[in-house]
Amino acid sequence: MFRWQQQEDQSWLGMDGASWYHVVCAERGLYQVTSNARQSDFENYFRLDWGGVDTEQEIIRRGPELEPYILGLPGLRLLAPADPNEAFFGFLCSANNHLRRILPMVRRLGEYGPQVYDVSGWPVHAFPAASVIAEIPELELRAKGFGYRAATITRIAAEVALKGEDWLFNLKKTSYAESHARLVELKGIGPKLADCICLFGLHHMEAVPIDTHIWQAFTRLYHADWRERPLSDVRYRLAADQFRARFGNLSGWAHQYLFYENVLSGGKRRKDGL
């Protein structure tokens, strides 16, 4: 989720569509949250309605090989943003990109939405609708560092706007397979990007986005014979299907542990030749 930023006082200010959350650490590990949203919205965003311990235990039951990852990452959660529009365009910014560039790109895109709050001189904007993004001149986005993605983002925004502002919200109500199929129909959205949108924007827990980190973890744990092979379209589908067969409706949650552990430890393993 790309529009969360730590402030100078160590508090956090984050956005989810038109909702803002200002989170301040209080005594004894508790937090004070100021927001224009309801408490239930905040709890849903962090999936506090999912029993963390029960979920972890069930993942371990289905895949005992993930126990060290889960025990080593206590408190890791799969977020559930309410606005699929922001997740959709945020991941369009992430294609063939790295986090240091993605964060400012999504924030700049967000500035095209109406301002809803201001804290410490930092104006907070509701994320713009697809119809608004479609009207942004491509050259304007290129000047703001979007590169070739400027053309892709505005073109896809125009397609989504034509489908109606409820199109993405309605995809949350369809099956994972149907949502994924509709997303890859948009030129510029491939299987991995569609899986990112399905998991983080549409809350389809069967989605397993396979990037470099997941591929390294997957081949290390499940397919050592693929470790030196590239991630082809065929292997992507086979790996994702195998992961879903093992973890079912917790595939996306289990995916988070594999991803984050590999981010933290993958470099050391490569250095050690593991």
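Quick note: residue numbers are just sequence positions, from 1. Heavy-atom basis, side chains included; hydrogens, waters and symmetry copies ignored.
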Distance, nearest 0.5 Å, that separates CG of Leu258 from CG of Leu73: 10.0 Å
- request: Please check if any side-chain donor atom of Tyr257 sits under 3.5 Å from a side-chain acceptor atom of Glu56, or the reverse.
  value: yes
- prompt: Regarding Glu261 and Ser265, is there a side-chain donor-to-acceptor distance under 3.5 Å anywhere?
  reply: yes
field: Non-neighbouring partners of Asn249 that pass side chain to side chain donor-acceptor pair (under 3.5 Å), sequence neighbours left out
entry: Arg62
- prompt: Who pairs with Tyr222 by side chain to side chain donor-acceptor pair (under 3.5 Å), at least two apart in sequence or on another chain?
  reply: Glu65
message: Taking ring-ring contact (aromatic ring centres under 6.0 Å, His included) as the cut-off, I'd like each qualifying pair that reaches into residues 165-188, sequence neighbours left out, listed once.
response: Tyr176-His180
field: Of all pairs that satisfy ring-ring contact (aromatic ring centres under 6.0 Å, His included), the ones with a partner from residues 72-100, not counting sequence neighbours
entry: Phe2-Phe91, Phe91-Phe200
- request: Write out all pairs satisfying salt bridge (Lys or Arg N to Asp or Glu O under 4.0 Å) with one or both partners inside residues 30-51, taking only residues at least two apart or from two chains.
  value: Arg38-Asp41
- request: Enumerate the residue pairs fulfilling salt bridge (Lys or Arg N to Asp or Glu O under 4.0 Å) with a member in residues 104-117, sequence neighbours excluded, ordered by first and then second residue.
  value: none
message: Evaluate Leu13 against His22 for side chain to side chain contact (heavy atoms under 4.5 Å, CB included), listing each step before the verdict.
response: CA-CA 4 Å; Leu13 185 62; His22 188 202; 3.9 Å; yes
field: Check: Ala95 main-chain N/O paired with Arg149 side-chain donor or acceptor under 3.5 Å
entry: yes
field: Basic-acidic side-chain contact under 4.0 Å: Glu178, Arg182
entry: yes
